[in-house]
2 protein chains.
Amino acid sequence: MEENKKELIRKAAIKVMAEMGFYNTKASRIADEAGIAVGTIYNYFNSKEDILEYIFAVELEKRMVYLEQVKNVEADFWEKLEIFLRKHFNEIKDNPDTGKILVSEKEFPRKSGSKAIGDYLYAIPDKLDYLLTDALKNGEVKECNPEITAAIIFGAIQGVVEKAIKNDNLTLLDSAPEELLKLLKRGLNI
Amino acid sequence: MEENKKELIRKAAIKVMAEMGFYNTKASRIADEAGIAVGTIYNYFNSKEDILEYIFAVELEKRMVYLEQVKNVEADFWEKLEIFLRKHFNEIKDNPDTGKILVSEKEFPRKSGSKAIGDYLYAIPDKLDYLLTDALKNGEVKECNPEITAAIIFGAIQGVVEKAIKNDNLTLLDSAPEELLKLLKRGLNI
DNA sequence: ATATTATGAATGAATCATCATTCACCAAGA
DNA sequence: TCTTGGTGAATGATGATTCATTCATAATAT
């Protein structure tokens, strides 16, 4: 079981799912894209849904690492947020197909009990909430409801990604962090 | 062809699609929910997809009316935005199932050329962009890129709705406008 | 008023295409 | 030889959509 084959399938699936959406994605098309046989997919994944789960799990893991790194950095909340934003957006610039999936595929009861999408949609706002709560304690940001504010920030991030992808204008992801941070900073700074 | 029957189907479909998602929604389940026969659905809609299209079209129409009303109101940008936010959130409080659909179902090539979802995701940010550009001209808001900022605001709105629904806490939609407006105002006010 | 006919909404069993998944069989390397 | 991984045709389930039929009501005729 070479790990490369699994990676090959993941990448092919990202390409196809970004184009067609999960439900319109045929296993056969993923196989074509990966240059392998349909059956091979099932040597590495138990189901089509597992592939999507895996895609989300990989992306979530990256973000969790970013957020963990950022947490331990010697910097104020705003610098932390900026670092995270840049990493997140750069990741998406490098692979817009993944970005499309991250903003498009929503949590729904699929066949097996899907989990990774829910995790993604929960864990990131939750970590933002944590950072924000911390910043509040340190008096780094203005009084606010950190839970709602985290939801607002996460939503805004998703909104920017959606816009960039819809307009097929990835350079937006370069200027967006600045615009977003400028707004948030003035909005929340003490 | 009574109009009521179409409405009955729309409402039943909203309930089922909010619970299961579009692709997991069976026509037979919609029929059950509406207390009619499967075939009847097809006297009013050409396809399952048409039902979803119709759901989005109805909701978009409402928002367009709100935004049109707001545009002509004698008030500054912030009051306009607040009025719209309250109307939008109240609409969702009254029917959270619809809200779930509005934040969950994304634009993808379905069988026929789906249009309404794309319209919804495009038209609202576009109108916000318009209002914002106007406000900029009048010096009502701080210098900003209205296109990106509109995407940020729309994303933030969607984020709040998602949060409220995920947490099954609709009262969030009462306090959220205030929180969101506070942030945006300070962030964008001159 | 009563009978006759037309209309079209409603029905749901039957159809039919669509894939995800399986698995019997290969091929290559150890 | 044996094991591991690859293959893709065949399977089987699923579920959207169709359509022949029913039936209530309306329109028209007697």
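Lettering follows sequence order; numbering is per chain, from 1.
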Look at E82(A) together with R86(A) and state whether they make a salt bridge at an N to O cut-off of under 4.0 Å.
yes
Does this structure show an ion pair linking D174(A) with K93(A), if we count only N-O contacts that are shorter than 4.0 Å?
yes
Nearest-Å distance, CZ (F45(A)) to P (dG6(D))?
13 Å
Side-chain touch Y66(A)/E91(A), heavy atoms, less than 4.5 angstrom:
yes
Nucleotide dA9(C), atom C1' - distance to NZ of K6(B) in whole Å
16 Å
Using whole Å, report how far CE of M17(A) lies from P of dA20(C).
9 Å
Quick test of your reading of the model: are E178(A) and K182(A) salt-bridged, counting only N-O distances below 4.0 Å?
no
Could you give the OH-to-P distance, from Y23(A) to dT14(D), as a whole number of Å?
15 Å
Main chain of T25(B), side chain of K48(B): is a donor-acceptor contact present, judged purely on distance under 3.5 Å?
yes
Salt bridge flag under 4.0 Å for residues D134(A) and K71(A):
no
To the nearest angstrom, how far is L8(A) atom CG from dG6(D) atom P?
10 Å
Axis-to-axis angle across the helix from dA1(C)-dT30(D) to dA30(C)-dT1(D), five pairs each end, nearest 10 degrees, ~ 10°
At less than 4.0 Å, is any side-chain N or O atom of Y42(A) found next to OP1 or OP2 of dT21(C)? Yes or no.
yes
Decide, yes or no, whether a salt bridge links R10(A) with E59(A) under the criterion of side-chain N to carboxylate O below 4.0 Å.
yes
CG/N145(B) to CD/E147(B) distance, rounded to the nearest 0.5 angstrom?
6.0 Å
M20(A) CE - dT18(C) P separation (whole Å):
13 Å
Regarding K100(B) and E19(B), does a basic nitrogen lie under 4.0 Å from an acidic carboxylate oxygen?
no
List, with names and distances, any nitrogen or oxygen atoms from the protein found under 3.5 Å away from nitrogen or oxygen atoms belonging to nucleotides 7-11 of chain D.
residue, atom, partner, partner atom, Å
dT7(D), OP2, A37(A), N, 3.1
dT7(D), OP2, T40(A), OG1, 2.8
dG8(D), N7, G39(A), N, 3.2

Strand contacts (DNA chain C) in residues 25-32 of chain A, 4.0 angstrom heavy-atom criterion:
T25(A), K26(A), A27(A)
Residues E105(A) and K106(B) bridged, charged N to O under 4.0 Å:
no
Test item: K163(A) side-chain N/O and N169(A) main-chain N/O as donor-acceptor pair under 3.5 Å:
no
Specify the separation, in whole Å, of atom NZ of K48(A) and atom C1' of dT22(C).
17 Å
Please report, rounded to the nearest Å, how far the P atom of dT17(D) is from the CD1 atom of I9(B).
13 Å
